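Take a look at this one; I'll ask things after.
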Amino acid sequence: MEFWYSLVAGLIIGAIFGFILQRGRFCMNSAFRDIIFLKEYRLAKAVTISLAVLMVGLAIFAFGGVIDLNPNPLKPIAAIVGGLIFGIGMVLAAGCASGTTYRVGEGMMGSFIAAVGLTIGAIMTAMGPIVNAKNNLQDLTVGTKLTLFGEFDTTLTPVFMLIVGIIGIVLMFFFWGWPAIKKKRELNDSLIKFGNFKEATFKKGYPWWVTGILIGLILTAGYVASNGVICIPGGWMDIHLWITTTDSVMWAGFIIFGIIIGSFVSAYIAGEFKFRVPKDGFTLFKQFIGGGLMGFGAVTAMGCNVTNILSGIPQLSLHSIITGAFIVMGCWIVAYLLFMWKQE
Amino acid sequence: MVDITDTLDCTGDVCPYPDVKSKRIVKKMNSGDVLEILIDYPLSAERIPETMKSMGHEVLSVEKTGDSSWKILVQIK
């Protein structure tokens, strides 16, 4: 990709992504953890909606020949180990890969330390001292590009994506959307308040369904713009290479800069930007280690939460589905041990 | 003005610590007590009042005190 195209398109898409992440407080760590911890499902619903939107969006562009789908091949051991360690890491880091990145733009220094840990962990695993461990875990491959409905096929897979996506959207509307609309009608509340559009867009947190749809749309746009998935650890590694070598920043790196800028602008407008540090040093250390575990997990599982969950699952990649399941499991185990065990 | 029984300072904490700490502290408080929660993390500032309501306590006020700073007053039921 040409440098100037990466710079302009990467920064714009990254910035819009960062803006939505901050407004929607969209973080998979919170989304998955709150299912068991608070019995609170709004962020999890936002994740599900974005998955359905991505399925339909990516399928349409694949049919149009605009993008080439490229689901991860199934590497079961890498998916299980990488996913589990990523999930454990994200609780300790207090944010998934994208959540950590957008919180840097909010001024959270703990997340900045987690991002540094993420970069170090990813570099060590991708090209450093533990590259062999990763290679061993990735050694076992089943099939070539297995999806939920058999081997990947350039025409059939998008058809399945479209079907699953549309069924998903219909079911979600039926079970989540319709009851909410009915309830609002009973209360005589207007469904969309256009009067305070500016306030709702720039000052308030977004409702979960708005967040889910917008995340799905911007990630579809990101895929179209680069003909590939967005990878957060890859972006941080890109920035590392830019610092330590004469390589210029590439697409993924500009996405990271964009997310931080977009999130900063969003937080600043809403009066939510502030430099913040955890009160005790141990929390910072924990966030650093958590970031490192996420870096290892993401490189091993061939993708962070954005690559595997928000791009691989919409492409029905079996590898990404297994990775996603183990990210959730790792998150739940640590969240249970840290926040719920012996406390209820 | 209400009398504040206890103050929980969660500034600098990210989720879920403000939620965990506030849940824990209200369990130890008595009926009628007022808890003041200081917080600078947007998601928890939205979540804590809802969690408190679902636990049956009364949220007296949620006040934005500055850039990314909130003060939440909860009365224990």
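Residue numbers begin at 1 in each chain, while the letters A, B, ... track the order of the sequences. Any value given below was found using the heavy atoms of this structure, including those in side chains, with hydrogens, waters and symmetry copies removed. Every value quoted in this text rests on a predicted model; they were computed, and no experiment measured them.
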Within residues 49-57 of chain B, which positions have a heavy-atom distance to chain A below 4.5 Å?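 Interface residues of residues 49-57 of chain B: Glu50(B), Thr51(B).
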Do Ser263(A) and Gln22(A) have side-chain atoms, one donor and one acceptor, less than 3.5 Å apart?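 Note: Ser263(A) and Gln22(A) side chains miss the donor-acceptor criterion.
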Can you check salt bridge (Lys or Arg N to Asp or Glu O under 4.0 Å) on Asp34(A) and Arg42(A), steps first, answer last? CA-CA 9 Å; Asp34(A) 289 347; Arg42(A) 269 173 298 178; over 6 Å; no
Tell me, side chain or backbone of Tyr41(B) under 4.5 Å from chain A's heavy atoms, or both, or neither?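 Contact with chain A is through both the backbone and side chain of Tyr41(B).
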Quick one: do Arg33(A) and Glu40(A) make a salt bridge, cutoff under 4.0 Å?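 Judged by the 4.0 Å cut-off on N to carboxylate O distance, Arg33(A) and Glu40(A) do not form a salt bridge.
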Chain B contact via Met108(A) - side chain, backbone, both or neither, heavy atoms under 4.5 Å: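 Side chain only.
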Compute both the distance and the angle, then confirm whether Lys45(A) meets the cation-pi test with Trp209(A): under 6.0 Å from the six-membered ring centre, within 45 degrees of the axis.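 The answer is no, since Lys45(A) fails at least one limit relative to Trp209(A).
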Chain B contact via Ala267(A) - which portion, at a heavy-atom distance below 4.5 Å: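 Contact with chain B is absent: no heavy atom of Ala267(A) under 4.5 Å.
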Any donor-acceptor pair under 3.5 Å linking the side-chain atoms of Arg25(A) with those of Ser30(A)?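 Judged by distance alone, the side chains do not pair up.
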Establish, yes or no, whether the cationic atom of Lys23(B) lies under 6.0 Å from the six-membered ring centre of Phe37(A) and within 45° of the ring axis.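 Positive - Lys23(B) is close enough to the ring of Phe37(A) and near enough to its axis.
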Partner set under ring pair (Phe, Tyr, Trp, His ring centres under 6.0 Å) for Phe285(A), not counting sequence neighbours: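 In terms of ring pair (Phe, Tyr, Trp, His ring centres under 6.0 Å), with neighbours along the sequence ignored, Phe285(A) is linked to no residue.
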